[in-house]
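Atom set for the values below is all heavy atoms of this structure, side chains included, hydrogens, waters and symmetry mates excluded. Quantities reported herein were computed from a predicted structural model and do not represent experimental measurements.
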Amino acid sequence: MKTFAAWLDQSTPNAAVPVHAEDVLEAIDCGLERVVAALNGMPEEVRRLPDKVLGRALKERGLIHAVAIGLEVPFAGLPLRDRLDAGFHPSRFRVRSVEGFTRLEMSLTVDFLNAVFAGLRVPAGIEPTTEAIKACLSAWMTRYVFHTLSHQRQEITVVNYQDHSGISRLHADFEADLESIVDVIHAFGLPLSVEGVSPNAEVLRLVQRLACCSAFGIRQSMRGPTTVDEERDRWMRSTAGRISSRLVVENLVPTSVIVGVATPRGVPVIINNHCHVVGKAVQDRDEIADAIVASYREHLHECDGCRVLTHAHLEVVIERLRKI
């Protein structure tokens, strides 16, 4: 907490839910502990532990120094857009092997912390209490880290972030959004499947909790007006995210989800290299997700080889966590 003293002093309680700056830092720390539990191959019984006891369990297993977290203040002389892009993410973000375990090291920026704090909200279906919102933020932070790690595997970092834009960046986010939600569910010790079995209630609640923070929406609003192309790309990414979440919750974990530009026929959605098209009259993202889940389920039922490939891919994604 001492490292973050200046930020703590300038923050105020969130008006919607009684959450203070100290609560935000505690939730972030819990989220990082959840990540290192997965990176270090902790068994399911450890990963299923609640935030309050997970840290103690990690220390008992020799992972007392598995998380190193600091604070940085982006250079005030940066142009606003640069500060909102590169400066929003930590300049120090890495995982490395230390004394036989994997260590996560990162420095959060003041801009990022302020946006997280301002963007806190109670997701639908979640009890509006301080402890509940802290648990939600912890899960959200876990996903943020896994999303960033996915980009690092794509060789997208804070250094070359500006070099990736347009369709290539959009597709990178499609992949990172899907991988990170799979990683989060695994990190909480919950089951994942490609077989389309009945949804797991715990997985559904966990995914609901991820909607607790609009930090990146706040950053987007600070950038100013968006272009038509940016609006289109944001809609495509948001739609792909809805589809990915629904498929994962429905135990239909795919290898990839790509939303294409709408055509006269409708909205093309490519899952595992197979194209599904939702009629042009349907524009609501939830309705599109509903239609795609039904279409993909039918396709999977008719394709035994698809289930074999998606199961193998899921195993690779989970195993890759322990090889970073």
Side-chain angles (χ1 to χ4, degrees), residues 1 23-70 90 92-108 112 116 126 131-153 176-193 200-210 212-213 245 248-249 253 313-324:
M1 288 293 186
D23 298 319
V24 171
L25 292 183
E26 182 181 337
I28 287 174
D29 190 52
C30 289
L32 301 183
E33 289 176 340
R34 184 77 54 184
V35 171
V36 299
L39 295 180
N40 285 280
M42 291 293 101
E44 179 182 323
E45 59 266 25
V46 174
R47 288 180 282 115
R48 286 186 63 88
L49 292 172
D51 287 345
K52 288 185 177 181
V53 295
L54 177 61
R56 184 169 67 248
L58 295 179
K59 291 176 183 178
E60 290 173 352
R61 288 161 173 79
L63 300 179
I64 189 170
H65 298 303
V67 174
I69 183 173
R92 181 180 71 145
F93 185 104
R94 66 173 180 172
V95 290
R96 63 191 182 101
S97 179
V98 178
E99 299 177 359
F101 63 86
T102 298
R103 175 181 168 99
L104 170 63
E105 300 174 350
M106 64 186 300
S107 294
L108 301 172
F112 177 79
V116 167
I126 300 298
E131 289 305 314
I133 197 65
K134 284 168 62 178
C136 291
L137 180 57
S138 170
W140 183 91
M141 190 65 191
T142 299
R143 188 179 187 186
Y144 167 77
V145 173
F146 282 134
H147 188 279
T148 305
L149 288 173
S150 181
H151 279 323
Q152 287 193 344
R153 287 193 293 270
D177 286 344
L178 174 58
E179 282 192 355
S180 61
I181 195 169
V182 169
D183 292 342
V184 167
I185 292 170
H186 173 75
F188 276 82
L190 298 176
L192 290 152
S193 175
N200 181 288
E202 288 183 279
V203 172
L204 177 58
R205 284 195 295 272
L206 175 58
V207 172
Q208 288 174 330
R209 286 161 56 186
L210 297 176
C212 69
C213 186
S245 295
V248 171
V249 168
V253 181
H313 179 265
L314 177 58
E315 289 187 332
V316 168
V317 170
I318 293 173
E319 182 61 27
R320 187 165 53 198
L321 287 175
R322 295 191 287 270
K323 294 182 179 179
I324 293 178

**Prompt:** Does a side-chain heavy-atom distance below 4.5 Å link C136 with I126?
**Reply:** yes
**Prompt:** Is it true that a side-chain atom of R209 and a backbone atom of A135 form a donor plus acceptor pair closer than 3.5 Å?
**Reply:** yes
**Request:** Would you give the length of the straight line joining atom CG of L25 to atom NZ of K134, rounded to the nearest 0.5 angstrom?
**Result:** 10.5 Å
**Prompt:** Do you know which two heavy atoms are closest between A66 and V36, and how far apart they sit?
**Reply:** O-CG1, 3.5 Å
**Fill in**
For S245 and V207, the nearest pair of non-hydrogen atoms, with its separation, is CB-CG1, 4.2 Å
**Request:** Would you give the length of the straight line joining atom CG of D183 to atom CG of L149, rounded to the nearest 0.5 angstrom?
**Result:** 8.0 Å
**Item:** Sidechain-backbone polar pair: R34 side chain, C30 backbone, donor-acceptor under 3.5 Å
**Value:** no
**Request:** Please determine if E44 and R47 form a salt bridge, counting it only when a charged side-chain N lies under 4.0 Å from a carboxylate O.
**Result:** no
**Request:** Take L54 and M42 through the test side-chain contact (heavy atoms from CB on, under 4.5 Å) and record every step on the way to the result.
**Result:** CA-CA 11 Å; L54 177 61; M42 291 293 101; over 6 Å; no
**Complete:** Taking every heavy atom of L210 against every heavy atom of W140, the minimum-distance pair comes out as O-CD1, 3.3 Å
**Close side-chain approach of L104 to I69, heavy-atom, < 4.5 Å** = no
**Message:** Please determine whether side-chain contact (heavy atoms from CB on, under 4.5 Å) holds for the pair I318 and L192, giving the CA-CA distance in whole Å, both sets of side-chain angles, and the decisive distance to 0.1 Å.
**Reply:** CA-CA 10 Å; I318 293 173; L192 290 152; 4.1 Å; yes
**Message:** With a sphere of 6.0 Å drawn around CD of E45, does it hold more than 12 non-hydrogen atoms of other residues, nucleotides or ligands?
**Reply:** yes
**Message:** Within this structure, what is the NE2-CD distance for the pair H151 and E179, rounded to the nearest 0.5 Å?
**Reply:** 10.0 Å
**Prompt:** Should Q208 and R205 be marked as a side-chain contact (heavy atoms from CB on, under 4.5 Å) after you check the CA-CA gap, both sets of side-chain angles, and the distance that decides it?
**Reply:** CA-CA 5 Å; Q208 288 174 330; R205 284 195 295 272; 4.0 Å; yes
**Request:** Please check if the side chain of T142 supplies one atom and the backbone of G31 the other of a donor-acceptor pair under 3.5 Å.
**Result:** yes
**For L190, all residues meeting side-chain contact (heavy atoms from CB on, under 4.5 Å), sequence neighbours excluded** = R48, I185, F188, E202, V203, L206
**Message:** How long is the straight-line distance from OG of S97 back to CG of L39, given to the nearest 0.5 Å?
**Reply:** 11.5 Å
**Asked** Is the shortest heavy-atom distance from the side chain of V67 to the side chain of L58 under 4.5 Å?
**Response** no
**Message:** Quick one, E99 and H65 - any side-chain contact, counting heavy atoms below 4.5 Å?
**Reply:** no
**Request:** Indicate yes or no: at least one non-hydrogen side-chain atom of L108 is less than 4.5 angstrom from one of M141.
**Result:** yes
**Message:** Quick check against the 3.5 Å criterion: does T148 have a side-chain atom that pairs as donor or acceptor with the backbone of Y144?
**Reply:** yes
**Prompt:** What are the two closest heavy atoms between H147 and S180, and how far apart are they?
**Reply:** N-CB, 3.6 Å
**Message:** For a quick test of reading the model, state the closest non-hydrogen atom pair linking F101 to L63 and the distance between them.
**Reply:** CB-CD2, 3.4 Å
**Item:** Value rounded to 0.5 Å, distance of OG in S107 from CZ in R94
**Value:** 10.5 Å
**Request:** Work out which heavy atom in G70 is nearest to a heavy atom in R92; give both atom names and the distance.
**Result:** N-NH2, 3.9 Å
